[in-house]
Amino acid sequence: MAAPRDEQERLITLAEKAAVELEGAQPRQVLQWAKDEFGDNLCMTSSMADAVLSTLAGEVIPGIDVIFLDTGYHFAETVGTRDAVSATVPVNVLSVRPSQTVAEQDETYGPKLYERNPDLCCHLRKVRPLQASLSSYWAWMSGIRRDETPDRADMPIVSWDPKREMVKINPLACWTQDDVDAYVAEKGVLINPLMYDGFASIGCAPCTRRVAPGEDPRAGRWAGMNKTECGLHT
Ligand code: SF4
């Protein structure tokens, strides 16, 4: 259940304080703080591009709910990664689906809405389902990092998410790609096979393409469109 109104002021102050105190902290320390503060009122999201945050969270907060937005447009490899995480990592993977199937959406809005109005498509298939599923918690975590895009360069490790009226935590915020690679090698972390096939950032199949060596990893998302985020982290 969402935090009651009279708790929200306390959570806003808590988030501001934690943003300062946890600045530069390693992911395990952030995860331990989140577990101590929120217990069962905590969840995380995963795009299933890799299982880095799921694996770290499984170490520190075994059984944590991991929300996967099952848009109906995912690559088979992404769905396979979700199933492998669910079977091998000690977390509770929850597949959250939009209110309409792709066929129903096509009937309502016409086919290939992602080509004509990707913001609306993302709203219907990602933002709204996430909003509904997060309403059961007081805090949510994601695996986004500061080094991924210029828009994410200044994001705090902990903040108040005013849109969803809950605390947002980014345990990997301070990690670089090198840190991720070292952890993956050390723990044998599950990686979506597409990451070894030219995809540097993975979203829905119609809106994701391979990138060339040296190209911005996010350049393959909504390529050719004036869009860089799906609206989950903005
Ligand atoms: Fe639709 Fe593309 Fe957004 Fe997926 S990423 S929800 S297909 S616009």
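Indexing begins at 1, ligand by ligand and atom by atom, following the structure's order.
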Inset, instruction - Please could you name the atoms of ligand 1 that Tyr73 approaches to less than 4.0 Å, counting only its heavy atoms? - result: 7 (S)

Legend entry - Subset of ligand 1 atoms that lie under 4.0 Å from at least one heavy atom of Lys126: 5 (S)

Inset, instruction - Report yes or no: does Cys122 have an N/O/S atom closer than 2.8 Å to atom 4 (Fe) of ligand 1? - result: no

Legend entry - Those atoms of ligand 1 less than 4.0 Å from some heavy atom in Tyr114: 1 (Fe), 2 (Fe), 7 (S), 8 (S)

Inset, instruction - Over 60° means perpendicular and under 30° means parallel, so classify the ring planes of Tyr114 and Tyr73, tilted if in between. - result: perpendicular

Legend entry - NZ/NE/NH1/NH2 to OD/OE distance under 4.0 Å, Lys35 and Glu59: no

Inset, instruction - Verify whether one side chain among Trp175 and Asp147 offers a donor that lies under 3.5 Å from an acceptor in the other. - result: no

Legend entry - Atom indices of ligand 1, in the order listed, that fall short of 4.0 Å to a heavy atom of Cys204: 4 (Fe), 5 (S), 7 (S)

Legend entry - Which of the ligand 1 atoms, numbered from 1, are nearer than 4.0 Å to a heavy atom of Cys207: 2 (Fe), 5 (S), 7 (S), 8 (S)

Legend entry - Verdict with supporting geometry, Glu104 and Arg125, salt bridge (Lys or Arg N to Asp or Glu O under 4.0 Å): CA-CA 12 Å; Glu104 288 166 346; Arg125 309 206 73 74; over 6 Å; no

Legend entry - Cationic tip of Lys168 above Trp160 ring, under 6.0 Å, 45° of axis: no

Inset, instruction - Below 4.0 angstrom from a heavy atom of Pro118, which ligand 1 atoms are there? Numbered from 1 as shown, please. - result: 8 (S)

Inset, instruction - Report yes or no: do Ser95 and Arg82 form a side-chain donor-acceptor pair below 3.5 Å? - result: yes

